[in-house]
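Everything on this sheet refers to the single structure shown next.
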Amino acid sequence: MTKPLTIAIDGHSSTGKSTLAKALAKSMNYVYVDSGAMYRAVALYALRKGWVSKENGCDSKAIEGALDDVHISFELDTSGTNATFLNGHRVEEEIREMAVSHVVSHVAKLSEVRRHLVALQQAMGRNGGVVMDGRDIGTVVFPNAELKIFMTASDDVRAARRKAELDHNGQVVSFTEVLENLKSRDKADMERSDSPLFAAADARTLDNSDMSRDDQFELVLGWAKNLLV
Ligand code: DC
């Protein structure tokens, strides 16, 4: 039997990484790991403790000191859907709210947080057969991944997609606020000193501004299948 692949999907915010990663994992019978959900869960924990705010940044010492008390897992919820859990409680929707989006970059730039989460991510993908999406998966978490994809799309397309997702979850947010948040998170991701966002030299770039979900899926599934023969 051919060794199962490690598939790393990185890219800018709201480029459809998780949609593609989930579909790919399902079709290949691989595990899907949403690394962004892990940064969001730590940010939510810090937000609840009052250790981070959009304007004032974060109390890095408090957050770093509490990392062993933050237990993040991906489990099936009561409806049988895979969801993010924080210390035993389902937080799948709460971590996607704007309150968390506004502060997550402050938390994601902390080296101790990154080290902690990267170790968990590497353990989850130790045996291959994994599709993981994020910002540093092909560069830091799995530099030897057999398939690396770097996703991008125009700002307007990304903001429209994200707004539709928020609308769907009943959150009333203006297009401008969503667009500004995307841009500021991209900037923070690309400019942070620890593990900034960039495309690995061996990543295949996928600009999906004008591509349907099905077309992206077929293209990437083809790449993966070619690596398995
Ligand atoms: O993919 P996302 O938008 O849910 O990620 C949330 C934030 O976490 C994002 O603003 C950047 C950060 N992140 C990161 O720094 N490294 C990762 N591997 C994944 C996400």
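A quick note: this is a predicted structure, and the numbers were derived from the prediction, not measured.
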R90 and side chain to side chain donor-acceptor pair (under 3.5 Å): which partner among E94, E93, E92? E93
Distance check, rounded to the nearest 0.5 Å: E218 atom CD versus K225 atom NZ? 7.5 Å
Okay, side chain of K148, backbone of P143: is any donor-acceptor separation there less than 3.5 Å? yes
Look at the side chain of S35 and the backbone N and O of D133, then say whether any donor-acceptor pair between them is shorter than 3.5 Å. yes
Pairwise side-chain contact, M38 with V42, heavy-atom cut-off 4.5 Å (strictly under): no
Start with the C-alpha gap between D77 and F85, add the side-chain angles, then the distance that decides, and say whether side-chain contact (heavy atoms from CB on, under 4.5 Å) holds. CA-CA 9 Å; D77 62 16; F85 282 69; 4.2 Å; yes
Distance-only side-chain donor-acceptor flag, S13 / R135, under 3.5 Å: yes
Is the CG atom of N29 crowded by more than 12 outside heavy atoms at less than 6.0 Å? no
Are I137 and V31 connected in a single hydrophobic cluster, I mean Ile/Leu/Val/Met/Phe/Trp/Tyr linked by side-chain heavy atoms less than 4.5 Å apart? yes
Please answer whether the main-chain N or O of P4 pairs with a side-chain N or O of Y30 as donor and acceptor at a distance below 3.5 Å. no
Does the distance from a Lys or Arg side-chain N to an Asp or Glu carboxylate O, for D167 and K163, drop under 4.0 Å? yes
Tell me if a side-chain donor or acceptor on N208 pairs with a main-chain N or O of A153 at a distance below 3.5 Å. no
Under 3.5 Å, side chain of D207 to main-chain N/O of S209, donor-acceptor pair present? yes
If you take all heavy atoms of Q216 and M151, which pair is closest and at what distance? OE1-CE, 3.6 Å
Are V157 and L179 co-members of a hydrophobic cluster defined by side-chain heavy atoms under 4.5 Å apart? no
Of all heavy-atom pairs between V141 and Q122, which one has the smallest distance, and what is that distance? O-NE2, 3.1 Å
Under a single-linkage definition using a 4.5 Å side-chain heavy-atom cutoff for Ile, Leu, Val, Met, Phe, Trp and Tyr, are V118 and I9 assigned to the same hydrophobic cluster? no
Is D136 salt-bridged to R114, going by a charged N under 4.0 Å from an acidic O? yes
In Å, rounded to the nearest 0.5 Å, how long is the span from OG of S105 to CZ of R192? 7.5 Å
Show, in sequence, the C-alpha distance, side-chain angles and deciding distance for E177 and N181, and conclude whether the side-chain contact (heavy atoms from CB on, under 4.5 Å) test is met. CA-CA 6 Å; E177 184 180 351; N181 177 255; 5.5 Å; no
Linking I/L/V/M/F/W/Y whenever any side-chain heavy atoms sit under 4.5 Å apart, do I72 and V100 land together? yes
Pair M28, L5 - check side-chain contact (heavy atoms from CB on, under 4.5 Å), show working. CA-CA 10 Å; M28 298 180 74; L5 304 174; 4.2 Å; yes
Correct closest heavy-atom pair for A43 and V52 would be O-CG1, 4.1 Å
If the test is side chain to side chain contact (heavy atoms under 4.5 Å, CB included), which one of L227, L147, V220, V130 qualifies with I7? L147
Does any pair with a residue in residues 17-34 pass salt bridge (Lys or Arg N to Asp or Glu O under 4.0 Å), and if so which ones, sequence neighbours excluded? D34-R96
One should read off an interatomic distance between K3 NZ and E146 CD, to the nearest 0.5 angstrom, of 4.5 Å
When rounded to the nearest 0.5 Å, the distance separating OG1 of T19 from CG of L24 is 12.0 Å
Would you mind reporting whether I95 and L86 have side-chain heavy atoms less than 4.5 Å apart? no
Donor-acceptor check, side chain of N87 to backbone of D69, threshold 3.5 angstrom: yes or no? yes
Shortest non-hydrogen contact between D155 and L182, atoms and distance: O-CD1, 4.4 Å
Between CE on residue M190 and CZ on residue R185, distance to nearest 0.5 Å: 12.0 Å
Quick check: does any side chain N or O of D59 sit under 3.5 Å from a backbone N or O of W51, one acting as donor and the other as acceptor? no
Is there a side-chain contact between E64 and R115, using heavy atoms and a 4.5 Å cut-off? no
Least distance between heavy atoms, G128 atom then T6 atom: CA-OG1, 3.7 Å
Taking the side chain as every heavy atom from C-beta outward, state whether S14 and E165 have any pair of such atoms under 4.5 Å apart. no
Where do F217 and D214 land on the side-chain contact (heavy atoms from CB on, under 4.5 Å) test, with the steps shown first? CA-CA 5 Å; F217 172 72; D214 286 352; 5.5 Å; no
If we ignore hydrogens and angles and just use 3.5 Å, is the side chain of D189 paired with the main-chain N or O of L197 as donor and acceptor? no
Co-membership, hydrophobic cluster, residues L20 and L219, 4.5 Å side-chain: yes
State which residues pass ring-ring contact (aromatic ring centres under 6.0 Å, His included) with F150; sequence neighbours excluded, sorted by chain then number. H12
Charged N-O contact under 4.0 Å between D186 and R158: yes
With a 4.5 Å cut-off on side-chain heavy atoms, are L44 and R40 touching? no
Do the non-hydrogen side-chain atoms of V107 and Y39 ever get within less than 4.5 Å of each other? no
Check V103 against S53 and note the closest heavy-atom contact, atom names and distance. CG1-C, 3.7 Å
Measuring from atom SG of C58 to atom CG of L47, what distance do you get when rounded to the nearest 0.5 angstrom? 11.5 Å
